[in-house]
There are 2 protein chains.
Amino acid sequence: MTRVLVVDDEPQIRRALRTNLAARGYEVDLAESGEQALDLAATSHPDVVILDLGLPGIDGIAVVEGLRGWTKVPIIVLSVRDAEADKIAALDAGADDYVTKPFSMGELLARLRAATRRGTPGPDEAPTVVTDAFTVDLAAKRVLRDGAEVHLTPTEWQLLETLVRNPGRLISQRQLLQTVWGPQYERETNYLRVYLAQLRRKLEADPSRPKHLITEPGMGYRFEA
Amino acid sequence: MTRVLVVDDEPQIRRALRTNLAARGYEVDLAESGEQALDLAATSHPDVVILDLGLPGIDGIAVVEGLRGWTKVPIIVLSVRDAEADKIAALDAGADDYVTKPFSMGELLARLRAATRRGTPGPDEAPTVVTDAFTVDLAAKRVLRDGAEVHLTPTEWQLLETLVRNPGRLISQRQLLQTVWGPQYERETNYLRVYLAQLRRKLEADPSRPKHLITEPGMGYRFEA
DNA sequence: AACCGTCTTGACGCGTCCTTGACGCCGAAG
DNA sequence: CTTCGGCGTCAAGGACGCGTCAAGACGGTT
């Protein structure tokens, strides 16, 4: 869930943004002054800030600077002022985007998506899977056993990866052969036997009595943590 | 020096942007078509792209998507079209910002600064990486070995940089070729062999037995500290 | 026009990995 | 009790990928 902090002194704009954002699945915090915005940002740690420049009390630019002193959260500035100088000042103070009121909600949402997309660099996947016999680091593509690295060939790794990414689930031989060797190898079940044996020899404490790479006769294989 | 790739089919806009950007200390590459833009981006590795949507030939949105297929370089879209749908399409395709023509040069420059500022995150990552054989200064783009500077060619440096920025992680050959040479070189794995050999000859104590630039046969390469 | 550094391209030897077949074991079915 | 199919094991061949070297192409500079 993405948290958005909306800072605006006009109640109707706050309401409009709140309902629109909530309808899109965002979690919304509201602030009506710069001071409140800085407080809320510190406590609620939003993922993105939508900030009206024309605030009573402290200047909107000061709010940008106050935020930038300690966080890199994306800031989208709203303003009725269309003057070039205002835009430049806000952007150079650390804002990420500048939208002139009146704005279209669709555009604002798109700019919001663009801002949050930057924040989350990539689909971070579960990095490591641990068992009592070995550790699989999916991001670094390494396998450790008793602290020492175990070398796996590409095929061995692909096979282990598809099993480990579905812990506890039964994977059919068809599916394993398709994802590792390709669709035309669907019936070469002997490949699976050979490579499962190699993996067990490298990873299991007692390869003849596997505890983690389990055969389900006639159906497929299963990884157990 | 920040590299900017300007993509526009109108010569006068190219000229205007080129002179303005060059005057501010940017290094400017010019492209007048989408195809040329994708090629140039792959070879020159700009730090930010300014892209006109109204290109002859392939659509501007397609250029955004082509770039996003392999790079996260900031993209600022220029367009005469002010329609909300166009903005949303471009932003959701992966653009970072959308500026409507006619635009003010001052604002564009400010948005350019905002885009590049994001690209270089603060002091959160170590600018230098040290091993027992050599030291890589990522900020200064220099490599020291036994106190003396080692000269690297641009390609060698890019390769070393992408490896060193992910210590311990395995980087696939595809990813290395894409980030260093560009998306159309995905299968030229011999490049990797040649350049890894050069890097090892320059950096490793025993190039035939590398301790830091490690090959994972069939999968990719890995940097170990 | 000549030179230099850099990138590209091809060929070759070697080591590793994949493929393939044979064999024994075990449980289920006849 | 016998038969059969599925699974685990092992070993050998051939294919493939990697490291290495060197020559040619390319681009920028003098």
Side-chain angles (χ1 to χ4, degrees), chain A residues 141 143 149-161 163 170-174 176-177 179-182 184-222, chain B residues 27 29 39-40 42-45 141 143 149-161 163 170-174 176-177 179-182 184-222:
Chain A
K141 291 202 197 299
V143 181
E149 178 162 3
V150 180
H151 178 72
L152 296 187
T153 72
T155 311
E156 288 167 0
W157 170 261
Q158 279 198 292
L159 188 56
L160 179 65
E161 183 175 6
L163 285 171
L170 170 86
I171 320 264
S172 71
Q173 329 193 41
R174 284 253 312 271
L176 281 174
L177 287 165
T179 61
V180 176
W181 279 272
Q184 62 271 40
Y185 288 77
E186 261 184 16
R187 317 202 162 271
E188 307 281 343
T189 59
N190 49 330
Y191 288 12
L192 290 178
R193 292 203 293 279
V194 171
Y195 276 91
L196 259 298
Q198 286 180 3
L199 279 177
R200 292 202 258 249
R201 205 177 316 131
K202 290 185 175 180
L203 302 180
E204 292 275 3
D206 182 354
S208 64
R209 244 175 288 269
K211 284 167 55 188
H212 305 102
L213 301 170
I214 311 214
T215 301
E216 300 283 355
M219 313 190 49
Y221 293 85
R222 176 202 311 278
Chain B
E27 197 169 339
D29 290 321
D39 277 356
L40 255 174
T43 58
S44 83
H45 289 273
K141 292 198 192 301
V143 182
E149 178 162 3
V150 180
H151 175 71
L152 296 187
T153 73
T155 310
E156 288 167 0
W157 170 260
Q158 285 197 307
L159 188 56
L160 181 65
E161 181 176 7
L163 285 171
L170 185 145
I171 319 275
S172 72
Q173 337 191 52
R174 284 252 311 271
L176 282 174
L177 288 165
T179 61
V180 177
W181 278 273
Q184 63 270 43
Y185 288 78
E186 259 184 19
R187 316 201 162 271
E188 307 282 342
T189 59
N190 48 331
Y191 288 12
L192 290 178
R193 293 203 293 278
V194 171
Y195 275 89
L196 258 298
Q198 288 179 3
L199 280 177
R200 290 202 259 250
R201 207 175 313 132
K202 290 184 176 180
L203 302 180
E204 292 274 2
D206 182 354
S208 65
R209 241 175 285 267
K211 285 167 54 188
H212 306 101
L213 301 170
I214 316 249
T215 301
E216 298 283 355
M219 305 208 283
Y221 293 85
R222 180 201 309 277

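These values consider heavy atoms only, across backbone and side chains, with no hydrogens, waters or symmetry-generated copies. Below, read A as the first sequence line, B as the second, and so on, with proteins coming before strands; counting in each chain starts at 1.
- A straight line from CG of L177(B) to P of dT8(C) spans 11 Å, rounded to a whole angstrom.
- Look at OH on Y221(B): it is 12 Å from P on dG17(D), rounded to the nearest Å.
- In terms of phosphate contacts, W181(B) brings no side-chain nitrogen or oxygen within less than 4.0 Å of OP1 or OP2 of dC7(C).
- For R174(B), the CZ atom counts as loosely surrounded, since its 6.0 Å shell holds 12 or fewer non-hydrogen atoms of other residues, nucleotides or ligands.
- The minimum heavy-atom distance between P154(A) and G218(B), with the atom names listed, is CG-CA, 3.7 Å.
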Please tabulate, one pair per line, each protein N/O and nucleotide N/O from nucleotides 20-23 of chain C that are separated by under 3.5 Å, including the distance.
{"unit_1": "dT20(C)", "atom_1": "OP2", "unit_2": "Y191(A)", "atom_2": "OH", "d": "2.4"}

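- Using a 4.5 Å heavy-atom cutoff, the side chains of Q184(B) and D39(B) are in contact.
- When all heavy atoms of L163(A) and L196(A) are compared, the pair lying nearest together is CD1-CD1, 4.5 Å.
- In terms of phosphate contacts, T215(B) brings a side-chain nitrogen or oxygen within less than 4.0 Å of OP1 or OP2 of dG19(D).
- Paired with Y221(A) under the rule side-chain contact (heavy atoms from CB on, under 4.5 Å), one option of L170(A), I214(A), L192(A), I171(A) passes, and it is L192(A).
- One atom, NZ of K202(A), and another, C1' of dT9(D), lie 16 Å apart when rounded to the nearest Å.
- Note that CG of D29(B) is 11.5 Å distant from NE2 of H45(B), once rounded to the nearest 0.5 Å.
- Here dG19(D) presents its P atom at 12 Å from CG of L199(B), a figure rounded to the nearest Å.
- In this structure, CZ in R200(B) is found 4.0 Å from OG1 in T215(B), a value given to the nearest 0.5 Å.
- From K141(A), atom NZ reaches atom CZ of R222(B) across 10.0 Å, with rounding to the nearest 0.5 Å.
- The distance between atom CZ of R201(A) and atom P of dT9(D), rounded to the nearest whole Å, is 7 Å.
- Residue T189(A) places no side-chain N or O under 4.0 Å from the OP1 or OP2 atom of dG6(D).
- Here the side chains of N190(B) and R193(B) are in contact, with some heavy-atom distance below 4.5 Å.
- Within residues 151-161 of chain B, the residues approaching DNA chain C are H151(B), T153(B), P154(B), T155(B), by heavy-atom distance under 4.0 Å.
- Side-chain atoms of K202(B) come within 3.5 Å of backbone atoms of H151(B) as a donor-acceptor pair (strictly under, hydrogens ignored).
- For L176(B) and dG17(D), the CG to P distance is 17 Å, given to the nearest whole Å.
- L196(A) has its CG atom 10 Å from the C1' atom of dG8(D), to the nearest Å.
- The nearest whole Å value for the distance from the OH atom in Y195(B) to the P atom in dC18(D) is 18 Å.
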Return the polar atom pairs (N/O with N/O) between nucleotides 24-30 of chain C and the protein under 3.5 Å, or none.
none

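- Rounding to the nearest 0.5 angstrom, the gap separating the CG atom in L160(B) from the CD atom in Q158(B) is 11.0 Å.
- OP1 or OP2 of dC18(D) lies within a sub-4.0 Å distance of a side-chain N or O belonging to Q173(B).
- Closest of all the heavy-atom pairs between W181(A) and Y185(A) is O-CD1, 3.4 Å.
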